[in-house]
Amino acid sequence: PVCAKGCVHGKCVTTPDSASCACEDGWSGETCDMSACPSECSGHGSCSISDDVAACSCFPGWGGVSCAESECPMMCSGHGQCANTRCQCHVGWMGESCSEQTCDAACAEHGVCNGGVCECESGWTGDNCETDIDECLSNPCYDYGTVDCTNLESEFR
């Protein structure tokens, strides 16, 4: 006797009268082709059998019976990795669930970060509000009866 259909995840065990598949841990069925764990542990864990009970052992950051539940808030919003139930955000993202965009640190000198965009204070421009606007270029002093204009940080005299 032989295992006529083969054993996908196991090996054929024969006796003088019969043949059957002995499945590897985590597999079941006549040909060992069916995962014994729910949803094959969703790709986020490994399946093992102990005392004839199949169970998923989830990888770090995943939980639930079939390892389908992220243990991090909002699954890190797609902008980070879950490690020990905490999000480790990718560069440019922050917050508990990595859902807030960050700005360059230079933005804080003359601007405010809003959704990843540096919004400049009056008198400043540039991606990180690093450039002082030369107000004298618009000839503002001419209106006051003088041609002398001195550009100062975010103002003129």
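When reading the values below, keep in mind they use all heavy atoms of this one structure, side chains included, and skip hydrogens, waters and symmetry mates.
- Between Cys3 and Cys21 the SG-SG gap reaches or exceeds 2.5 angstrom.
- One distance of note links CD of Glu69 with CE of Met75; it measures 10.5 Å at 0.5 Å rounding.
- A pairwise comparison of heavy atoms in Cys23 and Ser28 identifies SG-CA, 3.9 Å as the closest pair.
- The SG atom of Cys113 lies 9.5 Å from the CD atom of Glu100; values are rounded to the nearest 0.5 Å.
- When all heavy atoms are compared, the tightest approach of Cys98 to Gln88 is SG-C, 4.2 Å.
- Residue Glu119 qualifies as enclosed at atom CD: its count of foreign heavy atoms under 6.0 Å is above 12.
- Sorted by first and then second residue, the side chain to side chain donor-acceptor pair (under 3.5 Å) pairs with a member in residues 4-13 form an empty list; sequence neighbours excluded.
- Counting only distance, with no hydrogens or angles, the side chain of Thr15 and the backbone of Ser18 share a donor-acceptor pair below 3.5 Å.
- Judged as a side chain to side chain contact (heavy atoms under 4.5 Å, CB included), and not counting sequence neighbours, the contacts of Cys129 are His110, Cys118, Cys120, Trp124.
- Take Ser77 and apply the side-chain hydrogen bond (donor to acceptor under 3.5 Å, both in side chains) test, not counting sequence neighbours, and it matches no residue.
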Evaluate the criterion side-chain contact (heavy atoms from CB on, under 4.5 Å) for residue pair Ser70 and Trp62; output intermediate values, then yes/no. CA-CA 5 Å; Ser70 172; Trp62 296 93; 4.1 Å; yes
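- The heavy-atom pair separating Gly116 from Gln101 by the smallest distance is CA-CB, 3.5 Å.
- To the nearest 0.5 Å, atom CE of residue Met94 and atom SG of residue Cys89 are 8.5 Å apart.
- Contact between Ser66 and Ser42 at its shortest, heavy atoms only, is O-OG, 2.7 Å.
- One distance of note links OG1 of Thr125 with CG of Asp134; it measures 12.5 Å at 0.5 Å rounding.
- Of all heavy-atom pairs spanning Gln81 and His90, the tightest one is NE2-NE2, 3.8 Å.
- Cys82-Cys72 SG separation is under 2.5 Å; the pair is scored as a disulfide.
- Sulfur-to-sulfur, Cys58 and Cys41 sit at least 2.5 Å apart at their SG atoms.
- In this structure, a donor-acceptor pair under 3.5 Å is present between the side chains of Thr31 and Asp33.
- To the nearest 0.5 Å, atoms SG (Cys32) and CD (Glu24) are separated by 7.5 Å.
- A donor-acceptor pair is defined here as one N or O able to donate and one able to accept, closer than 3.5 Å; such a pair exists between the side chain of Glu130 and the backbone of Asn128.
- For Glu121, the CD atom counts as densely surrounded, since its 6.0 Å shell holds more than 12 non-hydrogen atoms of other residues, nucleotides or ligands.
- Using a distance-only test at 3.5 Å, with no hydrogens or angles considered, no donor-acceptor pair links the side chain of Ser97 to the main chain of Cys76.
- Atom NE2 of His79 is separated from atom SG of Cys87 by 11.0 Å, given to the nearest 0.5 angstrom.
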